[in-house]
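Okay, structure first, notes after.
Throughout, protein chains are lettered first and strands after them, A, B, ... in sequence-line order, and every chain is numbered starting at 1.
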Amino acid sequence: MIFRDARSCFGPPRSRRLSVMSEETAVPPVEDLGTLLRIRREKMEQLRVLGVDPFGKRFETTHAPGALRDSFSEGKAVRIAGRITALRDMGKSNFLDLSDLNGRIQVFVNKGAIGDGAWEIYKHLDIGDWIGIAGETFLTKTGEPSVKALEVTVLSKSLRPMPSKWHGIVDPQIKYRQRYLDLIANERSREIFKKRCLMVAEIRRYLQERGFFEVETPMLQDVPGGAAAQPFQTHHNALGMDMFLRIAPELYLKRLLVGGFEKVFELNRSFRNEGISRRHNPEFTMLEAYWAYADFEKMADLVEDLVCHLAETFCGGLRIEHRNAEGEVTKTINLSRPWKRAPYRDLVAAAAGADWWTLDAAAKRTRCEQLGVEISAEMEEYEISQQVFEKLVEEKTIDPVFVTHVSKELVPLAKQNAADDSIVDVYELIINGAEISPGYSELNDPDVQRRRLEEQAGEEVQKIDEDFLLALEYGMPPAGGIGIGIDRLMMMLTGAESIRDVVLFPQLKRREG
RNA sequence: GGAAAGGUAGCUCAGUCGGUAGAGCAGUUGGCUUUUAACCAAUUGGUCCUGGGUUCGAAUCCCAGCCUUUCCA
């Protein structure tokens, strides 16, 4: 009975689906297509005439193309599958490159070896088609590891031409709107996204190994909390209520601390309805982890260890080199431990003058003018300092720095410092000029938490998550918490200049027409 | 939201002073049974982002719009 409504998973009701399918299967009139497309469709039809299904079926393999080339030995019977990425036609002998995500291997196709019937089918293949090869490994006279084809199986006909074989795809519109073409054409993109998959899996494994439970909390929320950001609004029809996509999972993860989950994490999407830039995508991936009885310094140790572990495992060490299109090193990030830890106020004072924190608001404004830091008239005093921090400290920080003890106004969910209640026990980890990870000693006093949220919310009282405050009244253990911006971490570790280069399908404007 | 740069063949890009729309690769045809950016010969392919305007004539100059990138907010 669980699957009673499963039909909804597969799309609209049946009658409508049929009409949709008939539209999908309708072949566009050939004369409306360009020559390149028409010729490929004709080859597809000719394959059918020869009794071959151009879209294939299950094919058992013994090896993968890239792996076979990496650990090659002669005289082995193999079955491999992949996409044709290059074709060198010598008449009755052809050489083609068969590729997978990890590499390529050369296939030698000879008319005499596969027979006239198979050769006739083979002649209808193009770069971009998926094929299976049964054959035997050998070295050519130039020493190239190769597979001599004995059987060729058509797995899928490609009806459109592939991108340039050595320039790849550079048009950002194609790169981002048709990521599959970017992945086909650009090895660098393949490597970045493979690395991202492996690193995300390793982050999960790392935390699970240390006793953290991965949980899933609501992305559809009644009150969007846990951060200061504009949410996406939506509506639940059956409940007749407006809802929001979460801007952070924090308040739900803390409910789990109340419920007795002492080590939890969530690694998934949050959504912020704000500007799109080199560093911002409206949906982004964040890790949040909470550890009962820990504090922000213990969390800093954890993050430092985790990031170094990822760098050593996947980036060849703790020196991360960023390169430009020409392959020249433009920046080197040194992750050597221990990472610097310094109070926010010391760093601001070092950048803006030792007397910064003794200045009044007017004097701070004057100093900003002298330092070339732009500020607006309506900024509060703590916001002026924050602006100085962002422009003169954050943007100039390449190697990791844990910035500790920021002003309490900036972080309403963190515990105030025991000795100075104007600051909070937190860190902001800065690497590569960007905030990678915040960490707190979590505020667990329900009354203080209410005041701090009310101060932040101002008149917008409806923004306060009463159910979260109720949960705190039942008792939340003291805990350390972290967030890690996974996309920005990936940029730092892979050398990507834009978040769009580490997000498979970044948000772009809808193309009209 | 503001500023700058860009949009030309399937891909990567030229296009001079406003005067017939170009190259490489891909494709097609022919040749070639060990090539690997294969090679040789021939050849097809264009909404020059869109819409106005100036002009005898616009890819090119002007205006508006769309999309992208970068910087700023």
Just N and O in the side chain of A/R40: are any of them under 4.0 Å from OP1 or OP2 of B/G27? no
Among side-chain atoms of A/D501 and A/Y176, is any donor-acceptor pair under 3.5 angstrom? yes
Under 3.5 Å, N/O pairs linking protein and nucleotides 21-25 of chain B:
none

Give one of base, sugar-phosphate or nothing for A/K123, where a contact means two heavy atoms less than 4.0 Å apart. nothing
Span that lies between the P atom of B/C25 and that of B/A41, in whole angstrom: 11 Å
Can you tell me, in whole Å, how much space there is between the C1' of B/A58 and that of B/G19? 10 Å
Could you tell me how far B/U16 sits from B/U69 if I compare only their C1' atoms? Round to whole Å. 27 Å
Whichever of A/I276 and A/R500 has the more 5' nearest nucleotide on RNA chain B, that residue is A/R500
Is the closest side-chain donor-acceptor distance between A/K111 and A/N94 under 3.5 Å? no
Which whole number of Å gives the distance between the C1' atom of B/G10 and that of B/C17? 33 Å
Interatomic distance at P, B/A9 relative to B/G46, whole Å: 11 Å
What interatomic distance, in whole Å, is found between C1' of B/U60 and the corresponding atom of B/A73? 35 Å
Within the 4.0 Å heavy-atom criterion, would you say A/L181 contacts the bases, only the backbone, or no part of the nucleic acid? nothing
A/R500 versus A/Q507, side-chain donor and acceptor atoms under 3.5 Å: no
So what does A/G275 hit on the nucleic acid, given a heavy-atom distance under 4.0 Å: a base, only sugar-phosphate, or nothing? nothing
Would you tell me if any nitrogen or oxygen in the side chain of A/R88 comes within less than 4.0 Å of OP1 or OP2 on B/U34? no
Closer than 4.0 Å, any side-chain N/O of A/K43 to the OP1 or OP2 of B/U28? yes
A/T330-A/N324 side chain donor-acceptor pair, cut-off 3.5 Å: no
Please classify the nucleic acid contact of A/K509 as base, sugar-phosphate, or nothing, using heavy-atom distances under 4.0 Å. sugar-phosphate
Using a distance-only test with no angle check, is there a side-chain donor-acceptor pair under 3.5 angstrom linking A/K76 and A/T62? no
Mapping A/D171 and A/Q507 to their closest nucleotides on RNA chain B, which lands nearer the 5' end? A/D171
B/A4 versus B/C62 - spacing of their P atoms, nearest Å: 13 Å
Does the side chain of A/R345 pick up a donor-acceptor pair with the side chain of A/S422 at under 3.5 Å? yes
For residues 48-87 of chain A, pull every pair meeting ring-ring contact (aromatic ring centres under 6.0 Å, His included), keeping only residues two or more places apart or in separate chains. none
Could you give all pairs that pass the ring-ring contact (aromatic ring centres under 6.0 Å, His included) test and reach residues 390-414 of chain A, with sequence neighbours left out? A/F296-A/H405, A/W339-A/F402, A/F402-A/Y427
How far does the C1' atom of B/G7 sit from the matching atom of B/A59, given to the nearest Å? 11 Å
Counting only side-chain nitrogens and oxygens, does A/K175 get under 4.0 Å of the OP1 or OP2 atom of B/U12? no
